[in-house]
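Take a look at the structure set out below.
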Number of protein chains: 2
Amino acid sequence: MRARTTIKDVAEAAGVGVATVSRVLSGGSASPQTRERVLAVAAQLDYRPSALGRNLRQRRTGGIGLLVPDVTDSFYGRVADGVLACARAAGEPVIMGVTGDDAESESELIGMLLEQGVERVVAVPSGDHEPWGPAVRAGLTVVFADRRATGRDDIPAVLADERGGVRTAVEYLVGLGHRRIAYLGGHGQGQRAAAFRDTLGALGVTVDEELVVFGRATRDSAYAAASGLFQHRPDLTALVAGGNQLGEAAVLAARELDLRVPRDLSLIMFDDVPWAELCAPPLTVIAPPAQDIGYRAAELVLRSAGRRARGVSLPTELIIRGSCGPRR
Amino acid sequence: MRARTTIKDVAEAAGVGVATVSRVLSGGSASPQTRERVLAVAAQLDYRPSALGRNLRQRRTGGIGLLVPDVTDSFYGRVADGVLACARAAGEPVIMGVTGDDAESESELIGMLLEQGVERVVAVPSGDHEPWGPAVRAGLTVVFADRRATGRDDIPAVLADERGGVRTAVEYLVGLGHRRIAYLGGHGQGQRAAAFRDTLGALGVTVDEELVVFGRATRDSAYAAASGLFQHRPDLTALVAGGNQLGEAAVLAARELDLRVPRDLSLIMFDDVPWAELCAPPLTVIAPPAQDIGYRAAELVLRSAGRRARGVSLPTELIIRGSCGPRR
DNA sequence: CGCCCTCATGGAAACGATTCCATCATTATT
DNA sequence: AATAATGATGGAATCGTTTCCATGAGGGCG
């Protein structure tokens, strides 16, 4: 491997000092002819300033860290895409890690980011507050996306307006005549379940706690929860699934038990995914602006270097397709 | 922000020289009592060696770069997941970038990685060989995943056995009696189209070039291609879609034109995605081991630091569901 | 004409780690 | 017992950049 060309090589070739080269390249003052010569030489030698040297000198790494539970999940994939898009626009590298919604993994990854000298992080937290103590103590600028960690209200977050989204969905179902509506929730989505209960209450429908169930993040667990719910309470007429994996499980379980959608069961899913349209019938969904959430979070973490920033809540959209009908 | 604790702080607090601390922490020789004292002090001060200092000294960054066309696409999401899993097991950070299958973006991102001092890259190349000249010239260790760049056969690649997969699929369709089989391909998948033609030829079916069409990577373009194909050649009885976005477009277009699957049209898609099972009917697919491709590529790039490595081809699996039937 | 101010410029320090090398002590060998 | 060998240890150089500071030249103004 050929040795890298350094600033010293450029300085020598251009017949100037390294300080001058550095100034020219980072926009400092220099005489026009010097500037021109340095730029020409740098281009000819294909010189790239090493981020290593710069970062060490400036004691900061520039880049931004990105922690998501699972890139494979379409929702987090879109969040990540938003972060990457914003970072790219700003010319910042992104160091990415997958937590699997596990606090210990999260801790390890934060440690790794710290070692790398990263000082700005966008994360979809596992929910546990534990890992974030050391992070903020070490001076990390953190912005949460999609969720917050319990008890860390000091960390700004970019969230979907889950309450609004769930409210709209529940109102829609109730408007169709449904009364026995179930909620299938997942990891770290207490917010959504709470909104579900509140809205039902506000509409004068008594909340049946047996109809509010939670599955783990895995496909199997979600399927078991959905299937159990359908078998145990065949009287329910509508279901709100709190995420795309849960929605998938619900569709599968309903099909397995020969429940016709929407005749026997109305279905609304939180999160819009490509396959929602391909499903038979196409799924009515509450669409959170996943890509936007990532983009805004990255923007926030880049702008708020140092000072405290306030979080944001982005509106969701109810997309009515074909999976909801009047109460049977 | 509190100042970072450096190796010097640890050395002072432990009453030894910085060299000794470095040796203890990186497994060099030291007397038992010194080692113990240093470790105790380091733990107490919560010392983390800065990767910046180390990398600069060693002139290498350790981490690995990851370039994919689109994280939002389920397939590349799984590839990325595989790379991240392997990197995490090896304790290496991953710097990720999205190319959008655009050679210029790819070039820029490679430049960024170079600046960051990354020297190992896993990439799903856009297909253009242009960007990779500078990369290998700068001494980057590159491993391609899923595709190769034209004319860069010197760069090892971890691929799915597309030929085998397509062959199996086509044989299956021909076995069902189909003769007018179309292929809907996408960006950088000449390999698959070639395998399609070859297999048909080998089975004694004449290849109708009008039935081999290509869409761009966007949803709209793929839909237009599929729709055009169906309208222009209503006599075709089966279709192989060369990727999940293309498959999605085909399902949508078929539905729009009231083609019943599988009665009017048999459908096979390259790539297994969660929604393939949710589709009505569930889609028969050629499943490439996406996660494995990523994992193996990362393994390869980590192990083959320096020396040349050979690529690998991983088998695909034909998963028969319900979207193929006998010729009508 | 002289002084001071401005501006371009280069040398050198600093960032935080690793690592070479010299030093010193302790033990083994002849 | 003298010398060599071994091993622990710390000082200092080094990586590539930015930035402080000193230097010198040149020009404007009194």
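Just so it is clear, the structure is predicted and the values come from calculations on it, not from any experiment. Letters A, B, ... are given to chains in the order of the sequence lines, protein chains preceding strands, and every chain is numbered from 1. We use all heavy atoms of the structure for the numbers below, so side chains are in, but hydrogens, waters and symmetry mates are not.
Looking at the side chain of Q58(B), the nearest of the listed nucleotides dG10(C), dA14(C), dT19(C) is dT19(C). When each of dC20(C), dG10(C), dA17(C) is scored by its nearest atom to the side-chain atoms of R23(B), the top-ranked nucleotide is dC20(C).
One interatomic measurement links the two molecules: CD of E119(A) to P of dC15(C), which rounds to 17 Å at whole-angstrom precision. The distance from atom NZ of K8(A) to atom P of dG10(C) is 15 Å, rounded to the nearest whole Å. Distance, N55(A) CG to dC15(C) C1': 11 Å, rounded to whole Å. Between the CG atom of L114(A) and the P atom of dA17(C) there is a distance of 13 Å, rounded to whole Å.
Judged by closest nucleotide on DNA chain C, S29(A) is the one of S29(A) and V18(A) placed further toward the 5' end. Nearer the 5' end of DNA chain D, as judged by each residue's closest nucleotide, is the contact made by V21(B), out of L56(B) and V21(B).
Heavy-atom contacts from other residues, nucleotides or ligands closer than 6.0 Å to CZ of R88(B) number more than 12.
At the heavy-atom level, A30(A) lies under 4.0 Å from the strands shown only through sugar-phosphate atoms. T34(B) comes within 4.0 angstrom of sugar-phosphate atoms only, judged by non-hydrogen atoms across all strands, and of no base. In this structure, G15(B) reaches the sugar-phosphate backbone alone: every heavy-atom distance under 4.0 Å involves primed, P, OP1 or OP2 atoms, never a base. Within 4.0 Å of S22(A), counting heavy atoms only, lies at least one base atom of the nucleic acid. Contacts of G53(B) with the nucleic acid, taken as non-hydrogen atoms under 4.0 Å apart, include base atoms. Across all strands shown, R35(A) has no heavy atoms under 4.0 Å from either base or sugar-phosphate atoms.
Remark: R57(B) is not in phosphate contact with dG16(C), judged by side-chain N or O atoms under 4.0 Å from OP1 or OP2. Remark: S31(A) is in phosphate contact with dT9(C), judged by side-chain N or O atoms under 4.0 Å from OP1 or OP2.
No hydrogens or angles considered: nothing links the side chains of R59(A) and S50(B) as a donor-acceptor pair under 3.5 Å. R147(A) and S126(A) are not linked by any side-chain donor-acceptor pair at a separation below 3.5 angstrom, with hydrogens and angles left out of the test.
For DNA chain D, the span of nucleotides reached by chain B at under 4.0 Å from its heavy atoms goes, 5' to 3', from dA8(D) to dG16(D).
Closest heavy-atom contact between A149(B) and W132(B): CB-CD1, 4.0 Å.
A donor-acceptor pair is defined here as one N or O able to donate and one able to accept, closer than 3.5 Å; such a pair exists between the side chain of S26(A) and the backbone of S22(A). Judged by distance alone, the side chain of N55(B) and the main-chain N or O of L52(B) form no donor-acceptor pair under 3.5 Å.
R78(B) has no carboxylate O lying under 4.0 Å from a charged side-chain N of D292(B), or vice versa, which leaves the two without a salt bridge.
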